[in-house]
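Below is one structure, written out as structure tokens, with a few remarks after it.
Bear in mind that the values here come from a model prediction, so they are computed numbers and not experimental data.
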Amino acid sequence: MASALLSSSKYSDGLTVVGISICTAVVCEAISWLLIYRTASYKSLKSTIDKASKKLETMKTTDANSASANLLKKSSKTKKMDRVETSLKESSRDLSIFKFKSGAVVALALFMVFGLLNSLFEGKAVAKIPFVPIRLVQKMSHRGLPGDDMTDCSMAFLYLLCSISIRTNLQKFLGFSPPRGAAGAGLFPMPDPKSS
């Protein structure tokens, strides 16, 4: 009865895409857990990054508090901070390289699911956007759809939005998000002020 109600619902295609996106996110995180998160080398790298970021944060706050320190202390403290930052960057780079093998498997799984969904929902609007999006977003949200109704949403756009939001929140919920001091943590990492 529930499947008959869902199939007759005007939201069934959109809900199907969201459901598949949730399932894909869970499978991708399970693959990442098998290949990365349960290993001892990942745990040691993560703890090294956490310790280094806490140490660097502590050094920066004590440096800001002790403005009356002399020049000799300041230069040695700066050298120590540079060493900790270098160690943090190296550990973050090692962590990124370590995550690469899982990233390839996850990318393959996502590519296969996207191909399947693309063949199922080719040329079909799966959702309605409650407003007319800006021109750049229209090209993404209306990709492959017939007609001129720009509030129609394609499967690719809905799947992209769901994948980004669901997987990121699932990583935070499970505790798999990158360590807070890791370079490149997040979608838009902060630039290094020393490099400019």
Side-chain angles (χ1 to χ4, degrees), residues 18 21-114 134 136-137 140 156-196:
V18 171
S21 181
I22 291 170
C23 292
T24 304
V26 169
V27 167
C28 288
E29 287 309 307
I31 290 169
S32 295
W33 181 79
L34 281 172
L35 297 177
I36 295 176
Y37 301 130
R38 69 183 180 119
T39 62
S41 51
Y42 171 79
K43 290 176 183 174
S44 67
L45 271 173
K46 187 174 178 181
S47 68
T48 302
I49 290 172
D50 285 339
K51 288 176 188 174
S53 64
K54 286 178 185 174
K55 186 175 182 179
L56 185 64
E57 193 175 299
T58 304
M59 292 172 88
K60 285 183 179 179
T61 56
T62 57
D63 188 39
N65 292 340
S66 63
S68 62
N70 62 17
L71 212 48
L72 182 62
K73 279 186 179 180
K74 211 165 195 142
S75 68
S76 69
K77 195 159 202 135
T78 304
K79 288 179 184 178
K80 286 181 185 177
M81 283 176 61
D82 286 342
R83 276 186 288 204
V84 172
E85 282 180 352
T86 304
S87 167
L88 184 62
K89 286 179 184 176
E90 288 174 0
S91 296
S92 297
R93 187 193 70 228
D94 292 344
L95 186 66
S96 297
I97 291 170
F98 189 69
K99 282 184 162 187
F100 184 74
K101 67 180 178 182
S102 168
V105 175
V106 167
L108 180 65
L110 290 174
F111 185 71
M112 289 173 29
V113 169
F114 184 80
I134 61 172
L136 177 67
V137 176
M140 293 184 289
F157 187 67
L158 182 62
Y159 183 71
L160 173 76
L161 291 178
C162 289
S163 293
I164 290 172
S165 61
I166 292 170
R167 187 150 185 240
T168 303
N169 287 318
L170 185 63
Q171 284 177 341
K172 286 180 183 176
F173 177 73
L174 296 174
F176 296 156
S177 58
R180 64 186 179 132
L187 189 57
F188 301 106
M190 295 299 291
D192 188 10
K194 290 185 177 184
S195 64
S196 55

Aromatic ring pairing Tyr37/Tyr42, orientation class (parallel under 30°, perpendicular over 60°, tilted between):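 The arrangement is perpendicular - the two ring planes meet at more than 60°.
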Side chain to side chain contact (heavy atoms under 4.5 Å, CB included) partners for [X], two or more places apart:
| X | result |
| --- | --- |
| Lys55 | Met59, Val84 |
| Val26 | Leu170 |
| Ser44 | none |

Approximate separation, where rounding is to 0.5 Å, of [X] [atom1] and [Y] [atom2]:
| X | Y | atom1 | atom2 | answer |
| --- | --- | --- | --- | --- |
| Lys46 | Leu95 | NZ | CG | 9.0 Å |
| Cys23 | Ile166 | SG | CD1 | 9.5 Å |
| Lys80 | Leu56 | NZ | CG | 13.5 Å |
| Ser87 | Lys51 | OG | NZ | 11.5 Å |
| Arg167 | Thr24 | CZ | OG1 | 10.5 Å |
| Ser92 | Leu45 | OG | CG | 9.0 Å |

Any donor-acceptor pair under 3.5 Å linking the side chain of [X] with the backbone of [Y]?
| X | Y | value |
| --- | --- | --- |
| Thr168 | Ser165 | no |
| Ser163 | Leu160 | no |
| Arg38 | Leu34 | yes |

Tell me yes or no: between the side chains of Ser91 and Thr48, is some donor less than 3.5 Å from an acceptor?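 Distance-only check fails for Ser91 and Thr48.
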One pair to check against side chain to side chain contact (heavy atoms under 4.5 Å, CB included): Leu110 and Tyr159. What are the steps and the verdict? CA-CA 10 Å; Leu110 290 174; Tyr159 183 71; 3.6 Å; yes
